[in-house]
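When reading the values below, keep in mind they use all heavy atoms of this one structure, side chains included, and skip hydrogens, waters and symmetry mates.
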Amino acid sequence: MMRVFLLILTLALSACGGGDGASFAPAAGNTLCGVSVGKQRITGTVTSVHDGDTITVGGESIRLASIDAPELDQAYGPSSRAHLAAMVLGQSVTVTYAQTDRYERVLGTVFKPDCSPVNLNQVAAGAAWYYEAYQCEIDIRQRQAYAAAHASARTAKKGLWANAAVAPWVHRNGVEAKVPASCPNGDAASD
């Protein structure tokens, strides 16, 4: 019975990534851990955490998609980085992505081997904002999950919400981000 359990656990964890070295490969499908994601994957160990939304895996800079964490010179910035580091530094993750940003960082969704969604966990802990300006880049179910996590953390005054918080995009640019009223791909769930 224990062997069967271990076999099932091994198969489940391997579906989410894992492994000691980094590997770069196209994914077999558009989902990982039950979430619609980009088709490209990087699996490896997190070797550094720059701030609350940027990590390094296999020498590749990864910008966590759909979130924005306080800058290091903002209130809660160092705490956001520490929260992310406690979650992933030195650990194996799988990054799924479809694009890079203007700084040539991979824009990725990060999963731990147990399928824990790192990006979403940063928002739920009050360590980052849900970056609604880019909501059209994710599936409606993910938008709903991020919005709910954001609202819950804010209501509970978790993390950065314990005090007055200035959004990082306002801190950087002095203006609010433009949030789309609707998405070109609609609000149907994708698979």
Side-chain angles (χ1 to χ4, degrees), residues 15-17 24-42 50-55 57 60-71 74 80 83-84 87-88 93-112 115-156 158-161 165-191:
C16 295
F24 300 76
N30 288 348
T31 62
L32 180 68
C33 299
V35 178
S36 293
V37 294
K39 290 186 178 187
Q40 297 294 315
R41 297 199 182 155
I42 300 170
H50 174 71
D51 57 23
D53 57 29
T54 308
I55 62 175
V57 177
E60 191 75 39
S61 184
I62 312 294
R63 171 68 167 79
L64 277 64
S66 303
I67 73 171
D68 202 0
E71 299 296 334
Q74 282 187 267
S80 176
H83 184 267
L84 182 57
M87 258 197 301
V88 300
V93 297
T94 296
V95 180
T96 63
Y97 68 100
Q99 61 185 333
T100 57
D101 68 9
R102 64 182 172 175
Y103 305 108
E104 298 186 20
R105 297 176 296 186
V106 166
L107 285 172
T109 303
V110 181
F111 294 93
K112 293 177 69 167
C115 287
S116 298
V118 174
N119 308 37
L120 184 61
N121 287 344
Q122 276 290 89
V123 174
W129 276 257
Y130 164 40
Y131 208 167
E132 289 180 287
Y134 295 96
Q135 68 184 353
C136 294
E137 295 178 5
I138 59 176
D139 179 271
I140 182 65
R141 292 171 290 202
Q142 291 175 67
R143 284 184 237 155
Q144 292 167 340
Y146 279 104
H150 182 103
S152 178
R154 191 173 189 166
T155 299
K158 286 184 179 178
L160 64 90
W161 301 112
V166 175
W169 53 87
V170 173
H171 176 74
R172 287 188 300 267
N173 307 318
V175 295
E176 279 295 334
K178 185 176 179 181
V179 176
S182 64
C183 296
N185 60 348
D187 288 332
S190 61
D191 290 317

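Between T31 and R41, the shortest heavy-atom contact is O-NH2, 2.9 Å. Between P168 and E71, the closest heavy-atom pair is CB-OE2, 4.3 Å. Listed here is the closest heavy atom pair of A127 and S80: O-OG, 2.6 Å. Minimum heavy-atom separation, A125 to K158: O-CB, 3.7 Å. Looking at every heavy atom in both residues, S116 comes nearest to N121 through CB-ND2, 3.9 Å.
Distance CZ/R105 to CG/D53: 7.0 Å, rounded to 0.5 Å. Between the CD atom of Q122 and the CG atom of L160 there is a distance of 10.0 Å, given to the nearest 0.5 Å. One distance of note links CD of E137 with OG of S66; it measures 7.5 Å at 0.5 Å rounding. In this structure, CG in L120 is found 11.0 Å from CG in L64, a value given to the nearest 0.5 Å. Residue T109 holds its OG1 atom at 5.0 Å from CG of N119, rounded to the nearest 0.5 Å. To the nearest 0.5 Å, the span separating NZ on K112 from CE on M87 amounts to 7.0 Å.
Using a 4.5 Å cut-off on side-chain heavy atoms (C-beta onward), V37 and F111 make contact.
Although no hydrogens or angles enter the test, the distance criterion places no donor-acceptor pair under 3.5 Å between the side chain of S152 and the main chain of A148. Under a 3.5 Å cut-off, the side chain of Q74 and the backbone N or O of V166 do form a donor-acceptor pair. With Q142 contributing its side chain and V35 its backbone, the two residues share no donor-acceptor pair below 3.5 Å. Side-chain atoms of R143 come within 3.5 Å of backbone atoms of I138 as a donor-acceptor pair (strictly under, hydrogens ignored).
Taking the six-membered ring for Trp and thresholds of 30 and 60 degrees, Y130 and H150 have ring planes more than 60 degrees apart, a perpendicular arrangement. By the 30° and 60° cut-offs, the orientation of the rings of W129 relative to W169 is perpendicular.
The number of heavy-atom neighbours closer than 6.0 Å to CZ of R154, taken from other residues, nucleotides and ligands shown, is 12 or below.
A salt bridge links R63 to D68: at least one charged side-chain nitrogen sits closer than 4.0 Å to a carboxylate oxygen.
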Side chain to side chain contact (heavy atoms under 4.5 Å, CB included) assessment of S61 paired with T54: CA-CA 7 Å; S61 184; T54 308; 3.7 Å; yes
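None of I62, I67, I55, L84 except one satisfies the side chain to side chain contact (heavy atoms under 4.5 Å, CB included) rule with V118; the exception is L84.
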